[in-house]
Number of protein chains: 2
Amino acid sequence: MTDTRWLDDTEMAAWRAFLSTSHLLERRIEEQLKAAAGLTHPQYEILVRLADAPDRQMRMTELARGVVVSKSALTYQITRLERAGLVERATCPSDDRGVLAVLTEAGLRCLERVAPGHLAVVRAYLVDRLTRDELEVMTTAMRRTERALRE
Amino acid sequence: MTDTRWLDDTEMAAWRAFLSTSHLLERRIEEQLKAAAGLTHPQYEILVRLADAPDRQMRMTELARGVVVSKSALTYQITRLERAGLVERATCPSDDRGVLAVLTEAGLRCLERVAPGHLAVVRAYLVDRLTRDELEVMTTAMRRTERALRE
DNA sequence: GTTGGTTCGTTCAGATTTGAACGAATATAC
DNA sequence: GTATATTCGTTCAAATCTGAACGAACCAAC
């Protein structure tokens with residue numbers, strides 16, 4: 001690492017803005033979800049992913065990958081959501097090692113009740129402040145990065 | 001909240017990509033810093049902010065705002081960095097309540113040693129994958145969002 | 001079949017985060 | 001000046017996150 005490539009002004013500005021904004025937005029979202037439903041952001045994301053999945057169920061590992069948390073964090077949160085009656089665990093028919101996380105009716109209703117307020121925050125601070133062009137540029141740029149990070 | 005404004009495809013794609021990418025990148029950065037220097041990302045950010053500050057020192061609250069962590073988290077991390085000899089606490093001359101976090105020489109050297117590897121990750125996954133235009137669009141968009149979030 | 005390597009989800013210990021509560025110091029209003 | 005409200009940083013308890021280690025189940029090769 002003898003020749004360090006520092007970031008020039010444009011690069012540094014972009015990186016700093018991205019970093020601060022993602023953290024600030026995360027905090028704001030966390031605050032809103034906690035106040036409105038006693039949910040954390042990862043918990044909410046779990047519900048969303050399950051609601052979108054076929055039969056409203058997903059394998060633990062796949063779900064962890066989707067939400068971007070460690071497997072142990074997912075185990076913890078699913079147990080928590082199970083206790084709240086929003087998710088159930090089911091045995092996986094095709095793989096005895098596997099566990100299916102299944103969204104319950106109560107879980108779906110919870111999501112439907114919470115989503116509007118959550119989306120309002122995402123809009124108020126991010127989506128509604130970006131032009132159509134900016135949204136599209138961001139999508140392609142983020143997806144390129146995401147693909148690289150997922151190897 | 002009777003009329004929910006759902007996200008259309010473009011909006012949802014942008015939001016999802018932003019969310020996943022920021023989490024994935026955060027994990028990757030965390031992993032690199034831990035392996036290279038035993039630092040967490042917040043710890044690294046503290047060192048960076050202090051290095052950029054006049055006299056390499058900052059008030060606790062201001063620093064917490066900059067790094068985007070709670071005051072209690074900053075107290076914890078500064079104590080940790082102090083133990084490692086990278087930061088010191090100093091009394092604030094203008095305000096007896098205040099505490100100044102000061103970057104030590106060792107802290108500066110640590111930062112100089114760690115920065116190249118960290119920046120390489122930021123480049124490899126984000127900066128170098130974006131065009132100049134994309135970087136600029138992202139900066140303006142993120143700054144707009146950031147300003148709103150900081151009220 | 002059985003052996004060896006991989007994947008699955010959980011458990012565990014340890015580290016970190018947050019918000020609330022607190023005492024101390026400052027600022028504001030009168 | 002004094003009373004009130006605000007700000008500062010820390011402490012504390014509780015929640016959450018991660019990686020490592022584990023037993024169980026799968027898979028591939030022979």
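Note that the structure is a prediction, hence the values are computed from the model and not measured. All values below were derived from every heavy atom in this structure, side-chain atoms included, with hydrogens, water molecules and symmetry-related copies excluded.
Nearest to the side-chain atoms of B:M60 among the listed nucleotides D:dG9, C:dT10, D:dT16 stands D:dG9. In the set C:dT16, D:dT18, C:dC8, the nucleotide with an atom closest to the side chain of A:V69 is D:dT18. Distance from the side chain of A:S72 is smallest for D:dT18 among the nucleotides D:dT16, C:dT18, D:dT18. The side chain of B:T75 has D:dT11 as its nearest neighbour among D:dG19, D:dT11, C:dG19.
Between B:R16 and A:E45 there is a salt bridge, since a side-chain N of the basic residue sits under 4.0 Å from a carboxylate O of the acidic one. At a threshold of 4.0 Å, the pair B:E146-B:R150 counts as salt-bridged, since one of the basic side-chain nitrogens sits closer than that to a carboxylate oxygen.
As a whole-Å value, the separation of A:E62 CD from C:dC8 C1' is 13 Å. Between B:H41 atom NE2 and C:dT17 atom P the separation is 12 Å, expressed in whole Å. In this structure, B:R65 atom CZ and D:dG9 atom C1' are separated by 13 Å, rounded to whole Å. Atom OH of B:Y76 is separated from atom P of D:dA13 by 16 Å (rounded to the nearest Å). Taking atom CZ on A:R80 and atom P on C:dT10, their separation rounds to 16 Å, with Å as the unit. One interatomic measurement links the two molecules: CD of B:E30 to P of D:dC17, which rounds to 14 Å at whole-angstrom precision. B:M58 has its CE atom 15 Å from the P atom of D:dC8, to the nearest Å. Regarding B:I78, its CD1 atom lies at a distance of 13 Å from the P atom of D:dT11, rounded to whole Å.
Between A:Q77 and D:dC17 there is a side-chain polar atom (N or O) within less than 4.0 angstrom of OP1 or OP2. Residue A:R59 places none of its side-chain N or O atoms closer than 4.0 Å to OP1 or OP2 of C:dC8.
Note that CG of A:L100 is 9.5 Å distant from CG of A:D55, once rounded to the nearest 0.5 Å. A distance of 5.5 Å separates OG1 in B:T145 from CG in A:L130, rounded to the nearest 0.5 Å. For the atom pair A:D8 CG and B:R132 CZ, the distance stands at 4.0 Å (nearest 0.5 Å). In this structure, B:R97 CZ and B:C92 SG are separated by 9.5 Å, a value rounded to the nearest 0.5 Å.
Sparse packing is recorded around CZ of A:R65, with 12 or fewer heavy atoms of other residues, nucleotides or ligands lying under 6.0 Å away.
For a distance-only test at 3.5 Å, the side chain of A:T61 fails to qualify as a donor-acceptor partner of the base of C:dG9.
The residue among A:K71 and A:V68 whose nearest nucleotide of DNA chain D lies closer to the 5′ end is A:V68.
For the contact set between residues 82-99 of chain A and DNA chain D, defined by any heavy atom under 4.0 Å, the members are A:D95, A:D96, A:R97.
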